[in-house]
Amino acid sequence: MTQAVIAATGLFTPEQSISNTELVAAYNAFADRFNEQHAAEILEGDVAALTHSSVEFIEKASGIKSRFVVDKAGILDPARMTPNIPERGNDDLSLMAEMAVAAARQAIAAWGKPVSEIGAVLCAASNMPRPYPALSIEVQQALGIDGFAFDMNVACSSATFGIKTAADFIASGSVKAVLMVNPEICSAHLNFRDRDSHFIFGDVATAVIVEAEDQAVGGWEILGTRLKTVMSNNIRNNYGFLNRAALPTGEAEPVVDGPTDKLFVQQGRKVFKDVVPMVSEMIIDHAAELGVDPAALKRLWLHQANINMNQFIGRKVLGREPTPEENVIILDDYANTSSAGSIIAFHLHHDGFAAGDTGLICSFGAGYSAGTVFVRKR
């Protein structure tokens, strides 16, 4: 069986960003507008008044300070509260593919080998622009890669599931190298009119090249991968082509009382209670199976969902309070970028490792789903 290696990574970050101050100002203006328009119903008790958001609330709840987005103006318009993403023609490269290609080209440049050595392209992401043709095939064509490609969606765990799939292809001898991309336009599926979640997500794209060990120069040996899923509705997104007509329109008169569950919704406290112990136990058990001392892990690159979740998992796995260098947090700048979060953390903060040092890439999210990838510096 051929061992797999993470050979290179890439990152595309949109040019536009939104601070908490800007986001709160837009949401509060929307809330005031809604309360004024529904003053009579609120007075009668038929409609609940919307309360203001605040920078302090957001940072305490999540650790997020800003987020990158593909369209700032549409999100910050109190009469719209959703990104304005112009539709492209079928023969034009889609926006998500464009983002994925940019991240992939950075990874390929770092890898230093021709794309002819890549045998497969996987697009592993939470938010897809269409049912078909597969976004991965569009990326494959744009990069001039032969072989095959397909999309996969396991919500925020998509990247670790993608790495596992790529490693399995290499172990079987199907291909010598796999490109895995994670383009995420999370802002298109977020309800910016919901005070409890309007601050959570950002947009980004990451890329990972997984290669056969006998072909790789340097990189990170994949010691082991493990996946887990448990059905839960506590994080859910019903947005899809079957129910698109039922969504809030984003026109001048917001349909706040409409079926907002068609966008992202979650029961945050239940998610914390369920997911944190599940992921912590999964990491510790997987480490034991691999003969890895979890307390000796040099670095944790966890899914960037919520700073409180990450800190709790870090303490549980290491058995002590992690340092910022040990438990990487990029939430403050990027917010939750779904499948891309753990890969951003790994891409930006993998320095300082000597040969033989070990670390953990881990993601978790809706499904519930979770994936662990233990790596060792070669």
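Position 1 is the first residue of the sequence, and the numbers go up from there. What you see below is based on every heavy atom in this structure, not just the backbone, and it leaves out hydrogens, waters and symmetry mates.
Salt bridge E281/K316: absent, no basic N to carboxylate O contact under 4.0 Å. A salt bridge does not link D333 to R67: none of the charged nitrogens lies less than 4.0 Å from a carboxylate oxygen. A salt bridge links R130 with E138: the distance from a Lys NZ or Arg NE/NH1/NH2 to an Asp or Glu carboxylate oxygen falls below 4.0 Å. The existence of a salt bridge linking D274 and K270 is excluded, since no basic side-chain nitrogen approaches an acidic carboxylate oxygen closer than 4.0 Å. Under 4.0 Å is where a charged nitrogen must lie from a carboxylate oxygen, and between K113 and E211 at least one such pair does. In summary, E326 and R320 engage in a salt bridge, as defined by a charged side-chain N under 4.0 Å from a carboxylate O. Comment: R299 engages D351 in a salt bridge, judged by a side-chain N to carboxylate O separation of less than 4.0 angstrom. Ion pairing between E325 and K298 fails under the 4.0 Å rule for side-chain N and carboxylate O.
Looking at D332 and I64, their side chains never come closer than 4.5 Å, going by heavy atoms from C-beta outward. The closest side-chain heavy-atom distance from T337 to I344 is below 4.5 Å. A 4.5 Å side-chain heavy-atom check between M96 and I185 finds at least one atom pair inside the cut-off. Annotation: side chain of C123 is not in contact with side chain of V139 (no heavy-atom distance under 4.5 Å).
A donor-acceptor contact closer than 3.5 angstrom links the side chains of Y334 and T13. Under the 3.5 Å distance criterion, with hydrogens and angles disregarded, a donor-acceptor pair is assigned to the side chains of H347 and Q106. A donor-acceptor contact closer than 3.5 angstrom is absent between the side chains of Y132 and D151. At a cut-off of 3.5 Å, with distance as the only test, a side-chain donor of N238 or R236 sits close to an acceptor on the other residue. There is no side-chain donor-acceptor pair under 3.5 Å between S19 and T21. Side-chain polar atoms of N336 and Q304 form no donor-acceptor pair below 3.5 angstrom. In summary, the side chains of S53 and H198 do present a donor paired with an acceptor at a separation below 3.5 Å, with no hydrogens or angles considered. Side chains of T206 and N182: a donor on one and an acceptor on the other come within 3.5 Å. Counting only N and O atoms by type, the side chains of N327 and R315 include no donor and acceptor under 3.5 Å apart. With 3.5 Å as the limit, one finds no donor-acceptor pair spanning the side chains of D46 and H38.
Under a hydrophobic clustering in which Ile, Leu, Val, Met, Phe, Trp and Tyr are joined whenever their side-chain heavy atoms come within less than 4.5 Å, directly or via other members, V208 and F150 fall into the same cluster. Residues F57 and L50 are members of one and the same hydrophobic cluster, defined by side-chain heavy-atom contacts under 4.5 angstrom among Ile, Leu, Val, Met, Phe, Trp and Tyr. Put simply, V210 and F148 are part of the same group of oily side chains (I, L, V, M, F, W, Y) that touch within less than 4.5 Å, one to the next. With hydrophobic clusters built from ILVMFWY side chains whose heavy atoms lie under 4.5 angstrom apart, I18 shares a cluster with Y27.
Scanning all heavy atoms of the two residues, the minimum distance from A296 to T358 falls at O-OG1, 4.3 Å. Across F12 and M99, no two heavy atoms sit closer than the pair CE2-CG, 3.5 Å. The minimum heavy-atom distance between A335 and I200, with the atom names listed, is CB-O, 3.3 Å. Looking at every heavy atom in both residues, L300 comes nearest to G314 through CD1-CA, 3.8 Å. Looking at every heavy atom in both residues, I85 comes nearest to L95 through CG2-CD2, 3.8 Å. E117 and W111 make their closest contact through CB-CH2, 3.9 Å (heavy atoms, listed as atom of the first residue, atom of the second, distance).
More than 12 heavy atoms of other shown residues, nucleotides or ligands fall within 6.0 angstrom of atom CG in D214. E221 CD: more than 12 foreign heavy atoms inside a 6.0 Å radius. Environment of NZ in K377: crowded, with over 12 heavy atoms of neighbouring residues, nucleotides or ligands closer than 6.0 Å. Around CZ of F312, the count of heavy atoms belonging to other residues, nucleotides or ligands within 6.0 Å does not exceed 12.
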Determine, stepwise, if the pair D32 / H52 fulfils side chain to side chain donor-acceptor pair (under 3.5 Å).
CA-CA 8 Å; D32 289 343; H52 277 189; 2.7 Å; yes
Let me see the working for F364 and I313 under side chain to side chain contact (heavy atoms under 4.5 Å, CB included), right down to the final yes or no.
CA-CA 11 Å; F364 42 88; I313 292 170; 3.8 Å; yes
Assess the residue pair W301 and F374 against the criterion (ring pair (Phe, Tyr, Trp, His ring centres under 6.0 Å)); give the C-alpha distance rounded to whole Å, side-chain angles, the decisive distance to 0.1 Å, and a yes or no.
CA-CA 10 Å; W301 301 285; F374 284 89; over 10 Å; no
Stepwise side chain to side chain donor-acceptor pair (under 3.5 Å) check, D168 with T165
CA-CA 5 Å; D168 287 349; T165 303; 5.9 Å; no
Stepwise side chain to side chain contact (heavy atoms under 4.5 Å, CB included) test for I75 and V69:
CA-CA 9 Å; I75 293 170; V69 296; 3.9 Å; yes
Checking salt bridge (Lys or Arg N to Asp or Glu O under 4.0 Å) for the pair K72/E22: CA distance, chi angles, key distance, verdict?
CA-CA 10 Å; K72 180 175 181 174; E22 293 173 305; 2.9 Å; yes
For I222 and V5: C-alpha separation, side-chain torsions, deciding distance, then whether side chain to side chain contact (heavy atoms under 4.5 Å, CB included) applies.
CA-CA 5 Å; I222 298 176; V5 169; 5.9 Å; no
Would you sort out whether L179 and L143 count as a side chain to side chain contact (heavy atoms under 4.5 Å, CB included), showing the intermediate values?
CA-CA 11 Å; L179 170 65; L143 293 170; 3.5 Å; yes
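Of the candidates F192, F199, F201, F264 forms a ring pair (Phe, Tyr, Trp, His ring centres under 6.0 Å) with just one, namely F201. Shown are S339, S363, S342; of these, the side-chain hydrogen bond (donor to acceptor under 3.5 Å, both in side chains) with T160 is made only by S363.
Taken from CD1 in I209 to CD1 in I108, the straight-line distance is 5.0 Å, to the nearest 0.5 Å. For the atom pair CD1 (I137) and CD (Q141), the distance works out to 10.0 Å, reported to the nearest 0.5 Å. Note: R226 CZ to C362 SG = 11.5 Å, rounded to the nearest 0.5 Å.
S369 places a side-chain N or O within donor-acceptor distance of the main-chain N or O of A366, the cut-off being under 3.5 Å. Side-chain atoms of R88 come within 3.5 Å of backbone atoms of L93 as a donor-acceptor pair (strictly under, hydrogens ignored).
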